[in-house]
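Counting begins at 1 with the first residue of the sequence.
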Amino acid sequence: MAALMYNVSRGFVIFGEHSLFLRGHSNHQILVNTRRYVRALRRRPVAVLYPDGEREKLIKSNGAADKMNEKQFTQKGKNREKVSERAGNKKWSGQVSEYAEEFPHMKDKLGGLRFEKAPAGDNRLAKVASVARSRAFRDKEGKVLLEGRRLICDALSAGASPQMLFFSAVERLQELPLDKLQQAKLIKVRYEDMKTWSDLVTPQGVIAIFSKPDASRLAFPKDARLQSVPLFLLCDNIRDAGNLGTILRCAAAAGCDRVLLTKGCVDAWEPKVLRAAMGAHFRLPVFPNLDWDEISKHLPKDVVVHVAENSVSFIKPPEYSESDTDEESDDELSLPCLKSQVYYQSWAQRNTALVIGGETHGLSLEARRLAEETEGKRLFVPMAPGVESLNSAMAASILLFEGRQQLLKLLDKTRRRTRSKLF
């Protein structure tokens, strides 16, 4: 018997259709019929016996069971029809999620705001992110794309009008001023989609589409405007987005009154310009895409315009036809005569404007003529031998802060004179 049990433990198990066959190393074989056990597992329990002797019958007639199954199947079919009707009534083919239905706990946290949950395959973020980066689209549709909590908060504080906002988590939405998002369309998307269409290496999880702000209608911070000085910045042919953004940031830090951009400059609402400016668009007025005839309208009448000279800049002569007279040609090609001056000498004594030219094309002929008409000077920064030129953003920062210092000293002298007269 022991040998037989050993052989059974060492045997092979072969499953057939209705039997279990065990075979060991010896010639002993065991054939177990499993059909009855399988049938037993399929049977319904007849009754349940409890420890106290109570007996409960569970078996039902086949007719009653069939009726019960038919009733359950009919009820499930009705539920499917109701669900399909509700899905068909939705405007979007995707799944719409509102706090009142699927997020009731967010009602108080979001101040009553409703948002949509973008379904899989929703391409609204892709369309908006791609077209909003086009300057032609921004000019035609009047919309700009802002990314990041700080930039969006600065825009909302200045009174910019949001149209659509994408966010990856409710926590990111709570970081924004919710009372200023009542008119915006809020859409929750996956962080992976946000990362795909974001320009940042690590997206902050929030992208917004705003109506293109008008500098004359924005409400800038009072503390920034109180610290401003009568210093105006003119950007002439600044075509590098990073340089323009840095220049705008320096202008805001130096307390400039406003910034004027000629038509040769890169778009001020380019995403790279916005990132480099760090919210400067909403801290001081920025007037883009101006003709030289329009620039004088944004400057005081008694302003003095100075230009920042670049050692590698050049002036492209205007085109002229052969029919032009020699006098007219000589007059057009003659360069304005401007006196050079080191930047740290006195040059900002009243309303002052500073022109910064691009590194590629330099100062335009119109900028030099405007400086000559207002008796301005050509400012330069002394450099060590062997250095070709300064970056336009670096030169702007040096000259702007020097101009601010000179204007503050002038204002301080004026206040002292006024006090001495009173007392």
TODO: Kindly compute the distance separating CD1 (Ile295) from CZ (Phe287), expressed to the nearest 0.5 Å.
DONE: 12.0 Å
- [ ] Indicate the atoms forming the closest heavy-atom contact of Val304 with Gly376, along with that distance.
- [x] CG1-CA, 3.9 Å
Task: Note: Asp139-Lys212 ion pair, threshold 4.0 Å (strictly below) - done: yes
TODO: Give a yes or no on whether a salt bridge exists between Lys195 and Glu192, defined as a side-chain N under 4.0 angstrom from a carboxylate O.
DONE: no
TODO: Tell me, with the steps shown, if Lys377 and Glu309 meet salt bridge (Lys or Arg N to Asp or Glu O under 4.0 Å).
DONE: CA-CA 10 Å; Lys377 298 177 182 179; Glu309 184 59 59; over 6 Å; no
TODO: Could you tell me whether Glu375 atom CD has more than 12 heavy atoms of other residues or ligands within 6.0 Å of it?
DONE: no
TODO: Could you give me the CA-CA distance, side-chain angles and deciding distance for Leu284 and Val259, then say whether side chain to side chain contact (heavy atoms under 4.5 Å, CB included) is met?
DONE: CA-CA 8 Å; Leu284 81 165; Val259 178; 3.7 Å; yes
- [ ] Would you indicate whether the side-chain heavy atoms of Leu146 and Phe282 approach each other to under 4.5 Å?
- [x] yes
Open item on the list: I'd like to know whether Asp257 forms a salt bridge (Lys or Arg N to Asp or Glu O under 4.0 Å) with Arg225, so could you lay out the CA-CA distance, the side-chain angles of the two residues, the decisive distance to 0.1 Å, and finally the verdict.
Closed with: CA-CA 8 Å; Asp257 186 271; Arg225 303 312 297 163; 3.8 Å; yes
- [ ] State, yes or no, whether a side-chain contact exists between Lys143 and Arg138 at a heavy-atom distance under 4.5 Å.
- [x] no
Task: Short N-O contact, Arg190 and Asp193, less than 4.0 angstrom - done: yes
- [ ] Would you check if the side chain of Asp236 reaches a backbone N or O of Ser364 as a donor-acceptor pair within less than 3.5 Å?
- [x] yes
TODO: Taking only Lys NZ, Arg NE, NH1 and NH2, and the carboxylate oxygens of Asp or Glu, determine whether Arg275 and Glu270 approach each other closer than 4.0 Å.
DONE: no
- [ ] Report yes or no: does Arg249 contribute a side-chain atom to a donor-acceptor pair with the main-chain N or O of Met278 at less than 3.5 Å?
- [x] no
Open item on the list: What's the separation between atom CG in Leu165 and atom CG in Leu156, rounded to the nearest 0.5 Å?
Closed with: 8.5 Å
Open item on the list: Could you walk me through whether Asp291 and Lys263 satisfy the salt bridge (Lys or Arg N to Asp or Glu O under 4.0 Å) test, starting with their C-alpha distance in whole Å, then the side-chain angles of each, then the deciding distance to 0.1 Å, before giving a yes or no?
Closed with: CA-CA 6 Å; Asp291 289 324; Lys263 284 189 174 181; 3.2 Å; yes
- [ ] Please answer whether the main-chain N or O of Gly255 pairs with a side-chain N or O of Ser228 as donor and acceptor at a distance below 3.5 Å.
- [x] no
Task: Minimal non-hydrogen separation, His281 against Leu218, with atom names - done: O-CD1, 4.2 Å
TODO: Using atom types as modelled and distance alone, determine if a side-chain donor or acceptor of Asp240 lies under 3.5 Å from a backbone N or O of Asn243.
DONE: yes
- [ ] Find out whether Leu354 and Leu234 are in side-chain contact, i.e. whether some heavy atom of one side chain is under 4.5 Å from a heavy atom of the other.
- [x] no
TODO: Starting from the C-alpha separation in whole Å, work towards a yes-or-no answer on side-chain hydrogen bond (donor to acceptor under 3.5 Å, both in side chains) for Gln163 and Ser211.
DONE: CA-CA 7 Å; Gln163 295 186 1; Ser211 299; 2.7 Å; yes
